[in-house]
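Here the structure is laid out as structure tokens; the discussion comes afterwards.
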Amino acid sequence: MNKSMTSLRITVIGTVLTLLLSVITFNARAALTIEITGGSSLQIPVAIAPFAGEEAYPDTLSKIVMDDLARSGIFKLIDTSGMIAPRLPADVRVSEWRAKGATALAMANVIPQVGGRIDVQFRLIDTVRQDVAQVVQLAGYSLPTTNAQLRLTAHQIADIIFEKLTGTPGAFATRIAYITKHGNSHELQVADSDGYNAQTVFTSREPIISPTWSPDGTKLAYVAFDQKKPIVYVQTLATGKRQAVANFKGNNSAPAWSPDGRQLAVVLSRDGFAQIYSINADGSGLKRLTHTANIDTEPNWSPDGKYLLFTSDRGGSPQIYRMPSYGGEPVRLTFEGSYNVTPRFSPDGKSFAFIQREGGKFRVAVQDIVSGQVQILTDNGLDESPSWAPNGKMILYATERLGRGVLAAVSSDGRVKQKLSAQASDVREPSWGPVLRAKP
Amino acid sequence: MKRLPLYLLLTALLSACASDPGTTQAGAKVEDRTAQKPVAPTEDTKPLIPPQTAVNPLKDPNNILSHRSVFYDLDSFDVKPEYKALVEAHGNYLATNPNAKVFLQGNADERGSREYNLALGQKRADGVRKILSLLGAKDAQVEAVSLGEEKPRAECHEESCWSQNRRTDFLYQGE
């Protein structure tokens with residue numbers, strides 16, 4: 001990690017755009033605060049020019065884009081203060097931006113349309129290569145949006161810039177789910193990936209654990225204790241309706257979605273011990289997948305749907321195994337240390353994140369499936385619940401700071417680290433959702 | 001049932017009127033009761049006896065059955081030798097009191113995976129259940145459940161609290 005890298009602190013103040021009333025209200029609840037430590041040693045210098053017309057809207061779009069890119073730790077944002085917002089590529093003096101050190105320039109026009117619609121015309125200009133006659137455009141999009149979805153549009157622009165300059169899709173236009181605990185109040189919350197727009201979707205006096213996004217991002221599966229024992233629920237976010245999909249004798253927990261969203265792997269103790277089952281997302285078609293007198297838990301589906309990773313103590317200590325997703329003979333994957341738990345396939349299926357305990361410290365690690373090579377990514381001591389960004393570049397996890405539960409994120413190469421905390425609450429059990437598509 | 005006291009009062013009244021003066025001892029002064037309220041004869045009534053104050057063995061601090069927690073080492077679900085007597089006492093109690101029912105609640109400390117801790121708590125509770133079963137407790141008398149790390153007895157973030165939270169509790173029905 002580059003120790004000389006300055007620590008950057010971005011304080012996020014939650015705002016809510018109320019479209020129907022066409023007024024701005026400030027969300028009284030403090031959203032997540034994101035703090036970045038460390039950064040990539042090779043940062044891509046990029047300039048985000050002020051967007052023409054953005055001053056008419058409460059959220060400064062170019063600032064949202066800059067904050068996203070800065071938070072990733074792999075971009076160096078060129079200072080654009082005092083620069084005039086270019087409206088057309090012809091307005092851009094490439095040499096001027098190159099002199100400031102930029103390799104690329106993002107520019108946009110924000111144009112109000114009839115009926116409350118907004119058109120954001122965005123371009124990414126190459127400031128290194130220069131054609132004699134015209135500037136070289138790396139990307140050009142016309143993004144139709146609305147007042148309520150302006151922040152989402154800004155995150156999508158950041159995703160385009162990220163992909164054009166790194167070759168990997170961005171994951172800014174995403175949401176995260178997590179649990180907060182304040183006193184005896186447990187809340188399941190959903191927020192944008194930058195901590196804005198935090199909303200509570202379920203509140204209980206009893207614990208909530210293991211929230212996880214459906215592959216299409218419309219539902220959350222989670223475990224709630226409000227009926228005095230753990231039951232697996234699926235809640236549709238748009239309607240707020242929830243259904244108990246696994247409510248058998250004993251404990252019901254550890255839901256994991258199949259990649260097609262039709263099934264869940266769950267863990268039931270109806271036969272005495274925690275064992276892994278599959279069940280249809282509507283609660284029908286229960287099928288037992290493991291048959292041991294040991295703990296088998298924390299199933300996680302491979303992106304191609306063929307395998308399940310899981311934690312088992314069948315070898316005398318908790319270790320990570322892989323088996324076919326229809327059940328069948330498991331293969332042990334972890335051998336170092338006496339406690340390896342919570343396996344989570346990377347989005348490309350080539351590696352998995354997990355929690356490894358060594359010397360009393362619990363840390364986030366990544367293991368390559370083929371080579372078996374392990375890389376430890378964190379050094380906090382009480383890390384739990386790793387969850388991949390959909391582009392595989394970051395891992396969100398839960399940890400503890402000053403006796404309080406906080407969320408943190410680490411890049412999959414271990415270089416960039418972020419801490420996310422909410423005021424006066426313990427935050428835990430994060431789950432990173434899929435990339436959001438704009439609703440036209 | 002409001003009529004009952006009136007009925008008893010009438011019976012008492014009749015009994016008092018029917019008492020035979022001839023049964024009184026000779027020379028004894030016959031008490032004039034006409035001006036007094038009738039008194040119920042003792043042979044038809046019983047004193048109210050206070051409820052038995054026998055000590056409930058489950059609540060008696062001097063009885064091992066009042067001890068309700070088994071504690072564990074890190075990662076372990078083995079019942080340590082020092083808790084064998086406690087578990088055996090509960091097993092014998094359940095065997096000799098077939099109407100008694102007990103919940104075994106397994107718990108884990110806060111470190112590591114919440115889901116693994118839920119499963120570990122289950123394994124701890126289930127380990128105690130098996131011993132109780134061997135001692136003659138019926139399956140229907142014992143239910144093993146887990147609270148994982150979700151309901152810590154002690155809230156600090158160090159071993160002094162963690163050791164209290166690695167635990168199986170006995171909770172009898174009705175408690």
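Side chains are part of it too, since the values below use all heavy atoms of this structure and drop only hydrogens, waters and symmetry mates. Residue numbers start from 1 in every chain, and the chains themselves are labelled A, B, ... in the order their sequence lines are given, proteins ahead of strands.
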Sort [X] into side chain, backbone, both or neither according to what part of it lies under 4.5 angstrom from a heavy atom of chain B.
X: A:Leu382; result: side chain
X: A:Asp383; result: neither
X: A:Val267; result: neither
X: A:Thr297; result: side chain

Item checked: Residue selection (most heavy-atom pairs with chain B, distance under 4.5 Å) from A:Val341, A:Ile209, A:Thr342 -> A:Ile209
Margin query: Please rank A:Ala274, A:Gly403, A:Gly250 by heavy-atom pairs under 4.5 Å with chain B and give me the top one.
Written below: A:Gly403
Note to self: One thing to verify: whether B:Asp126 and B:Lys123 come together as a salt bridge, which I'm taking to mean a side-chain N less than 4.0 angstrom from a carboxylate O.
What the structure shows: no
Checklist line | Test: A:Glu384 and A:Arg363 ion pair at under 4.0 Å | finding: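 Salt bridge between A:Glu384 and A:Arg363, a charged N being under 4.0 Å from a carboxylate O: no.
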Next item on the list: Return the option, out of B:Asp75, B:Val145, B:Leu74, with the maximum number of heavy-atom pairs under 4.5 Å with chain A.
Entry: B:Asp75
Check: Hey, which of B:His157, B:Gln122, B:Arg114, B:Glu150 has the most heavy atom pairs under 4.5 Å with chain A?
Finding: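 Looking at each of B:His157, B:Gln122, B:Arg114, B:Glu150 in turn, B:Arg114 comes out on top.
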Checklist line | Ring center gap for B:Tyr93 and B:Tyr172 short of 6.0 angstrom | finding: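 Yes, they do, as the ring centres are separated by less than 6.0 Å.
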Notebook entry, point to check: Hey, would you say the A:Tyr222 and A:Phe202 ring centroids sit under 6.0 Å apart?
Noted result: yes
Notebook entry, point to check: Has the side chain of A:Arg332 got a donor or acceptor atom that lies under 3.5 Å from a matching backbone atom of A:Gly315?
Noted result: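 Flag not set: sc A:Arg332 to bb A:Gly315 has no pair under 3.5 Å.
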Note to self: Please check: side-chain N/O of A:Asn247 versus main-chain N/O of A:Val245, any donor-acceptor pairing under 3.5 Å?
What the structure shows: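 No; judged by distance alone, with no hydrogens or angles, the pair does not exist.
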Check: Side chain, backbone, both or neither: which part of B:Glu158 has a non-hydrogen atom closer than 4.5 Å to chain A?
Finding: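 Contact with chain A: none, neither part.
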Check: Tell me, side chain or backbone of B:Ala144 under 4.5 Å from chain A's heavy atoms, or both, or neither?
Finding: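 Looking at B:Ala144, nothing touches chain A.
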Checklist line | Parallel, tilted or perpendicular: ring planes of A:Tyr321 versus A:Phe310, cut at 30 and 60 degrees | finding: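 Parallel, since the angle between the ring planes stays under 30°.
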